[in-house]
K.L.:
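Below is one structure. I have some questions about it.
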Amino acid sequence: MRVHVVSDVHGNTTDLARAGTGADALICLGDLVLFLDYADHSRGIFPDLFGVENADRIVELRTARRFEEAREFGRSLWAGLDRDAVILEAVRKQYSELFAAFPTPTYATYGNVDVPALWPEYVRPGTTVLDGERIELDGLVFGFVGGGLRSPMRTPFEISDEEYAAKVEALGEVDVLCSHIPPEVPELTYDTVARRFERGSTALLDAIRRTRPRYSLFGHVHQPLARRMRIGATECVNVGHFAATGRPWALEW
């Protein structure tokens with residue numbers, strides 16, 4: 001059995017359409033939407049609306065962790081626009097293209113920049129959405145936990161630590177623990193380019209130590225200090241920034 005795993009697709013429809021080639025199934029760990037590409041400020045919903053110069057400025061502020069200034073700058077740009085309506089229209093366009101690119105079968109969960117309420121409009125036969133749920137593939141049990149934890153970035157699907165922990169607890173023992181964000185380990189949560197720690201989950205870390213899955217698979221941190229490490233019996237793997245590489249991570253058994 002061979003499964004390809006992707007995360008942080010961020011609008012890379014072209015590579016997503018061939019991500020399942022040679023695999024029995026595709027697993028997607030979320031962040032389909034591209035709001036702003038920190039490597040190429042000309043890509044995403046934000047520069048499409050406000051131009052590259054303003055994208056440069058907001059990236060500069062966020063990278064410097066001047067989040068309140070970034071929010072104030074953003075509010076000035078959005079003044080006079082129906083922010084929610086404009087963003088939802090742009091997200092719907094991206095989802096229409098991205099869900100159409102999923103191969104069959106695909107098993108997907110949400111990332112922190114996704115809008116779960118919209119997914120039922122675009123999910124097609126052959127794609128299964130899982131969050132706080134598990135499936136069995138050829139003898140291995142896969143558990144899925146979607147979304148991110150609350151942060152200064154205030155992305156669309158951030159939830160409380162308690163709500164997140166409840167979803168992890170609902171999985172019970174699994175062979176492969178699939179999540180968008182990593183367990184709370186400094187080497188796995190630090191982004192070497194953004195020069196900041198992203199939110200990781202202590203609930204995931206506790207579950208790894210308690211239930212000892214074979215693998216913990218995740219994304220979220222685009223340029224991690226460590227892409228993989230072992231915690232006890234569990235191999236923890238950041239499956240990669242698919243938007244940039246276009247390459248899935250492969251699991252065979």
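We're numbering straight along the sequence, starting at 1. A quick note: this is a predicted structure, and the numbers were derived from the prediction, not measured. Only this structure's heavy atoms are used, side chains among them; waters, hydrogens and symmetry mates stay out.
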K.L.:
Counting neighbours of CD on Glu173 that are heavy atoms of other residues, nucleotides or ligands and sit closer than 6.0 Å, is the number greater than 12?
P.N.:
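Count not over threshold, so no.
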K.L.:
Are any of the side-chain nitrogens in Lys93 or Glu97 under 4.0 Å away from the carboxylate oxygens of its partner?
P.N.:
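A salt bridge links Lys93 with Glu97.
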K.L.:
Kindly compute the distance separating CG (Asn112) from OG1 (Thr155), expressed to the nearest 0.5 Å.
P.N.:
4.0 Å
K.L.:
If Ile, Leu, Val, Met, Phe, Trp and Tyr residues are connected whenever their side-chain heavy atoms lie under 4.5 Å apart, and connections chain through other members, are Met153 and Tyr164 in the same group?
P.N.:
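In one cluster: yes.
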K.L.:
Check the side chains of His180 and Asp31 for a donor-acceptor pair under 3.5 angstrom, ignoring hydrogens and angles.
P.N.:
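Yes, a side-chain donor-acceptor pair sits under 3.5 Å.
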K.L.:
Give a yes-or-no answer on whether the side chains of Glu235 and Ser216 include a donor-acceptor pair shorter than 3.5 Å.
P.N.:
no
K.L.:
Let me see the working for Ser201 and Leu149 under side chain to side chain contact (heavy atoms under 4.5 Å, CB included), right down to the final yes or no.
P.N.:
CA-CA 8 Å; Ser201 168; Leu149 296 173; 4.3 Å; yes
K.L.:
Within this structure, what is the OH-CG distance for the pair Tyr122 and Leu32, rounded to the nearest 0.5 Å?
P.N.:
12.5 Å
K.L.:
Heavy atoms, side chains only, cut-off 4.5 Å: are Ile45 and Val91 in contact?
P.N.:
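The answer is yes, as the side chains (C-beta and beyond) meet within the 4.5 Å cut-off.
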K.L.:
To the nearest 0.5 Å, what is the distance between SG (Cys236) and CG (Leu188)?
P.N.:
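Atom-to-atom, Cys236:SG and Leu188:CG are 6.0 Å apart.
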K.L.:
For Leu16 and Leu98, what are the C-alpha separation, side-chain angles and deciding distance, and is it a side chain to side chain contact (heavy atoms under 4.5 Å, CB included)?
P.N.:
CA-CA 8 Å; Leu16 184 62; Leu98 287 157; 3.9 Å; yes
K.L.:
Report the C-alpha separation of Asp161 and Arg199 in whole Å, then their side-chain angles, then the decisive distance to 0.1 Å, and conclude whether the side chain to side chain contact (heavy atoms under 4.5 Å, CB included) test is met.
P.N.:
CA-CA 10 Å; Asp161 288 61; Arg199 287 295 314 269; 3.1 Å; yes
K.L.:
Is any side-chain N of the basic residue among Glu69 and Arg75 closer than 4.0 Å to the acidic one's carboxylate O?
P.N.:
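Here Glu69 does not pair with Arg75 in a salt bridge, since their nearest N and O are not under 4.0 Å apart.
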K.L.:
Using every non-hydrogen atom in the two residues, find where Arg230 and Ala233 come nearest and quote the distance to one decimal.
P.N.:
NH1-O, 3.0 Å
K.L.:
From Leu77 CG over to Arg83 CZ, what is the distance, rounded to the nearest 0.5 angstrom?
P.N.:
10.5 Å
K.L.:
Would you say Thr106's side chain and Thr127's backbone share a donor-acceptor pair under 3.5 angstrom?
P.N.:
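No; zero donor-acceptor contacts below 3.5 Å.
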K.L.:
Of all heavy-atom pairs between Asn12 and Phe242, which one has the smallest distance, and what is that distance?
P.N.:
ND2-O, 3.3 Å
K.L.:
Would you kindly say whether His4 and Arg2 are connected by a side-chain donor-acceptor distance under 3.5 Å?
P.N.:
yes
K.L.:
Would you please test Glu133 and Lys167 for salt bridge (Lys or Arg N to Asp or Glu O under 4.0 Å) and show each step?
P.N.:
CA-CA 8 Å; Glu133 299 164 285; Lys167 294 196 292 186; over 6 Å; no
K.L.:
Check for a donor-acceptor pair, side chain of Asp191 on one end and backbone N or O of Val221 on the other, with a separation under 3.5 Å.
P.N.:
no
K.L.:
Answer yes if Leu29 and Leu118 sit in the same cluster of Ile, Leu, Val, Met, Phe, Trp and Tyr residues linked by side chain heavy atoms under 4.5 Å apart, and no otherwise.
P.N.:
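No.
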K.L.:
Please say yes or no: joined through hydrophobic side-chain contacts below 4.5 Å, possibly via intermediate residues, are Val145 and Phe142 part of one cluster?
P.N.:
no
K.L.:
Tell me, do Ile159 and Arg150 make a side-chain contact under 4.5 Å, heavy atoms counted?
P.N.:
no
K.L.:
Evaluate side chain to side chain contact (heavy atoms under 4.5 Å, CB included) for Phe144 paired with Thr128, printing each intermediate quantity in order.
P.N.:
CA-CA 11 Å; Phe144 292 79; Thr128 304; over 6 Å; no
K.L.:
With distance as the sole criterion, is a donor-acceptor pair present between the side chains of Asp8 and His241 under 3.5 Å?
P.N.:
no
K.L.:
With the threshold set at 4.0 Å, does a side-chain nitrogen-carboxylate oxygen contact exist between Asp175 and Arg134?
P.N.:
no
K.L.:
Do any N or O atoms from the side chain of Ser179 and from the backbone of Phe218 form a donor-acceptor pair under 3.5 angstrom?
P.N.:
no
K.L.:
If we ignore angles and hydrogens, is there a donor and acceptor under 3.5 Å between the side chains of Asp37 and His10?
P.N.:
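Side-chain D/A pair, Asp37 to His10: absent.
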K.L.:
Is it true that a side-chain atom of Glu158 and a backbone atom of Gly147 form a donor plus acceptor pair closer than 3.5 Å?
P.N.:
no
K.L.:
Report all side-chain donor-acceptor pairs from residues 207-215 shorter than 3.5 Å, counting only partners two or more places apart or in another chain.
P.N.:
| from | atom 1 | to | atom 2 | distance (Å) |
| --- | --- | --- | --- | --- |
| Thr211 | OG1 | Ala207 | O | 2.6 |

K.L.:
Do Asp48 and Phe35 have side-chain heavy atoms sitting under 4.5 Å apart?
P.N.:
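Answer no - side chains too far apart.
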K.L.:
List the atom of Ser7, the atom of Val239, and the distance in Å for their closest heavy-atom pair.
P.N.:
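The answer is CB-CG2, 3.7 Å.
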K.L.:
Flag the pair Arg196 and Glu198 as a salt bridge only when some basic side-chain nitrogen lies within less than 4.0 angstrom of an acidic carboxylate oxygen.
P.N.:
yes
K.L.:
Looking at CG of Asp56 and CD of Glu53, how far apart are the two atoms once the value is rounded to the nearest 0.5 Å?
P.N.:
7.5 Å
K.L.:
Would you call Tyr107 and Leu130 a side-chain contact if the rule is heavy atoms closer than 4.5 Å?
P.N.:
yes
K.L.:
On a heavy-atom basis, which atom in Leu36 and which in Ala55 lie closest, and how many Å separate them?
P.N.:
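Nearest heavy atoms, Leu36 then Ala55: CD1-CB, 3.8 Å.
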K.L.:
Indicate whether the side chain of Arg195 and that of Tyr190 have a donor and an acceptor atom separated by less than 3.5 Å.
P.N.:
no
K.L.:
Between CH2 of Trp249 and CZ of Arg228, what distance do you get to the nearest 0.5 Å?
P.N.:
6.0 Å
K.L.:
Pair Glu89, Arg92 - check salt bridge (Lys or Arg N to Asp or Glu O under 4.0 Å), show working.
P.N.:
CA-CA 5 Å; Glu89 181 182 355; Arg92 279 194 164 97; over 6 Å; no
K.L.:
Check whether Thr21 reaches the backbone of Arg18 with its side chain - one donor and one acceptor, N or O, closer than 3.5 Å.
P.N.:
yes
K.L.:
Is the side chain of Gln94 donor-acceptor paired with the backbone N or O of Leu34 at a distance under 3.5 Å, no angle test?
P.N.:
yes
K.L.:
Would the distance check show the side chain of Tyr95 and the main-chain N or O of Val115 forming a donor-acceptor pair, the cut-off being under 3.5 Å?
P.N.:
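The answer is yes, because a donor-acceptor pair under 3.5 Å joins these two groups.
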K.L.:
Taking Trp253 for its side chain and Asp138 for its backbone only, find out whether a donor-acceptor pair lies under 3.5 Å.
P.N.:
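The answer is yes, because a donor-acceptor pair under 3.5 Å joins these two groups.
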K.L.:
Looking only at heavy atoms, what is the nearest atom pair of Val174 and Val141, with distance?
P.N.:
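In this case the closest contact between Val174 and Val141 is CB-O, 3.7 Å.
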K.L.:
Can you sort out the partners of Val129 under side chain to side chain contact (heavy atoms under 4.5 Å, CB included), two or more places apart, ordered by chain and number?
P.N.:
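With sequence neighbours excluded, Val129 shows a side chain to side chain contact (heavy atoms under 4.5 Å, CB included) to Tyr110, Trp119, Val123, given in chain and number order.
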K.L.:
Looking only at non-hydrogen atoms, find the nearest pair between Arg62 and Tyr38 and report the distance.
P.N.:
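Closest approach of Arg62 to Tyr38, heavy atoms only: CD-OH, 2.9 Å.
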K.L.:
Assigning hydrophobic clusters by single linkage (Ile, Leu, Val, Met, Phe, Trp, Tyr; side-chain heavy-atom cutoff under 4.5 Å), is Val113 placed with Ile58?
P.N.:
yes
K.L.:
Group every Ile, Leu, Val, Met, Phe, Trp and Tyr by side-chain heavy-atom contacts under 4.5 Å, then state whether Val86 and Phe50 land in the same group.
P.N.:
yes
